[in-house]
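Keep in mind it's a predicted model, so treat the numbers as computed, not measured. Below, chain A is the first sequence line, B the second, and so on; all start at residue 1.
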2 protein chains.
Amino acid sequence: MFVSHRSIEQRVLARLRESGYEITAAQGRVFARIGPDGTRLTELADSAQVTKQTAGFLVDQLVRGGYVERVPDPSDARARLVRMLPRGRLVQERAREVEDEVTAEWTRHLGEPAMATLTQTMGRLREITDPYA
Amino acid sequence: MFVSHRSIEQRVLARLRESGYEITAAQGRVFARIGPDGTRLTELADSAQVTKQTAGFLVDQLVRGGYVERVPDPSDARARLVRMLPRGRLVQERAREVEDEVTAEWTRHLGEPAMATLTQTMGRLREITDPYA
DNA sequence: GACATTTAGTCAGTCTACTGGACTAAAGTG
DNA sequence: CACTTTAGTCCAGTAGACTGACTAAATGTC
């Protein structure tokens with residue numbers, strides 16, 4: 001699991017780098033958890049399973065890279081929402097494309113039914129392995 | 001895949017810590033690749049996909065912890081073998097026990113056949129995702 | 001409505017993992 | 001025997017993660 005995960009992660013990051021987006025694995029893990037309407041730092045930290053400090057540090061870098069912005073949360077003056085910028089959405093799209101490519105490759109190797117079963121099984125496994133979900 | 005992998009890794013490390021073995025994830029990844037007759041640093045580095053420097057750094061820590069030793073490689077005077085010490089073998093045993101526990105839990109959740117399929121599929125996936133194997 | 005507690009996020013300091021580049025010594029190769 | 005490759009080390013630097021201590025706003029309680 002470790003090997004396969006690292007493989008897909010590295011491929012996605014390498015392709016993003018080729019496309020001119022300098023994103024690291026740690027940044028990507030936080031980035032991938034930003035919802036369509038923006039997400040609070042604390043929520044990002046919880047779901048990515050890192051401390052608030054670490055999440056803040058990574059978001060700072062994403063802000064500097066022009067991928068996301070921080071806006072005040074209208075419903076809570078203490079909080080701020082981390083929200084996608086257009087450049088961030090481009091990265092998301094590109095990442096999804098690469099993911100699809102890799103999925104297609106894996107399907108070619110494993111066969112359609114085995115790949116479908118794998119996807120489904122990993123989803124069920126997440127029920128007991130993801131403390132956040 | 002990331003979530004499930006992290007879950008099992010953290011559980012194994014937590015249990016080892018409880019048993020008095022202070023091992024980090026990075027150390028564990030190198031440690032797990034040491035063969036029964038000892039393994040060269042370069043080989044550990046390649047299979048764990050880190051640089052020789054990193055592998056050397058981690059092995060140093062394992063040596064300091066009393067888990068492994070470095071002995072000259074009889075077949076090559078440049079090389080040295082990283083070899084398990086008795087304390088290291090205890091860690092291996094303990095780790096395997098925890099792994100079995102987790103596997104049993106997953107099997108309870110997924111069902112016997114799905115778990116068997118998962119194990120098999122992950123093996124096949126490794127064929128195309130592990131550059132070393 | 002005052003007070004205590006919780007929650008969102010930041011600041012400062014530290015440690016681990018990892019990298020690149022330069023180097024030594026032994027092995028293999030024409 | 002010169003030449004290249006291979007095993008491993010030393011040095012210097014960066015990224016990512018953590019703990020602990022803090023501010024400010026929100027929420028709960030009597």
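In this structure, the side-chain contact (heavy atoms from CB on, under 4.5 Å) partners of Ser4(A), at least two apart in sequence or on a different chain, are Trp106(A), Met1(B), Met122(B), Leu125(B), Thr129(B). Every residue two or more places apart in sequence or in another chain that forms a side-chain contact (heavy atoms from CB on, under 4.5 Å) with Ala25(A) is listed here: Glu9(A), Leu13(A), Arg29(A). For Glu105(B), the side-chain contact (heavy atoms from CB on, under 4.5 Å) partners at least two apart in sequence or on another chain are Arg11(B), Arg108(B). For Thr51(A), the side chain to side chain donor-acceptor pair (under 3.5 Å) partners two or more places apart in sequence, or in a different chain, are Thr54(A). Not counting sequence neighbours, the partners of Glu101(A) by the side chain to side chain donor-acceptor pair (under 3.5 Å) test are Arg15(A).
Proximity of residues 68-77 of chain B to DNA chain D (heavy atom under 4.0 angstrom from any strand atom) is restricted to Arg70(B). Residues from residues 7-18 of chain B lying near DNA chain C, meaning a heavy-atom separation below 4.0 Å, are absent. Using a 4.0 Å cutoff on non-hydrogen atoms, the parts of residues 21-48 of chain B near DNA chain D are Arg40(B), Leu41(B), Thr42(B), ordered by number.
Distances shown here put every side-chain N or O of Thr51(A) at or beyond 4.0 Å from the OP1 or OP2 atom of dA17(D).
The distance between atom CZ of Phe57(A) and atom C1' of dG16(D), rounded to the nearest whole Å, is 6 Å.
Taking 4.0 Å as the cutoff to heavy atoms of chain B, we find the contact window on DNA chain C bounded by dA17(C) to dA27(C).
Residue pairs that meet the ring pair (Phe, Tyr, Trp, His ring centres under 6.0 Å) test with at least one member in residues 20-78 of chain A, sequence neighbours left out, do not exist here.
Looking at heavy-atom distances under 4.0 Å, Gln61(A) makes contact with sugar-phosphate atoms alone, never a base.
Computed from C1' positions of five pairs at each end, the angle between the two local axes of the helix from dG1(C)-dC30(D) to dG30(C)-dC1(D) equals 30°, rounded to 10 degrees.
Cluster annotation: Val98(A) and Ile23(A) are assigned to the same hydrophobic cluster (Ile/Leu/Val/Met/Phe/Trp/Tyr, side-chain heavy-atom contacts under 4.5 Å, transitive).
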In residues 73-80 of chain A, what donor-acceptor pairs under 3.5 Å come from side-chain atoms, sequence neighbours left out?
from: Asp73(A); atom 1: OD1; to: Ser75(A); atom 2: N; distance (Å): 2.8
from: Asp73(A); atom 1: OD1; to: Ser75(A); atom 2: OG; distance (Å): 2.9
from: Asp73(A); atom 1: OD2; to: Arg40(A); atom 2: NE; distance (Å): 2.8
from: Asp73(A); atom 1: OD2; to: Arg40(A); atom 2: NH2; distance (Å): 2.9
from: Asp76(A); atom 1: OD1; to: Arg78(A); atom 2: N; distance (Å): 3.0
from: Asp76(A); atom 1: OD1; to: Arg78(A); atom 2: NE; distance (Å): 3.1
from: Asp76(A); atom 1: OD2; to: Arg78(A); atom 2: NH2; distance (Å): 2.8

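Side chains of Thr121(B) and Thr117(A) form no contact here, defined as non-hydrogen atoms less than 4.5 Å apart.
In terms of position along DNA chain C, the nucleotide closest to Ala79(A) lies nearer the 5' end than the nucleotide closest to the other residue of the pair Leu58(B) and Ala79(A).
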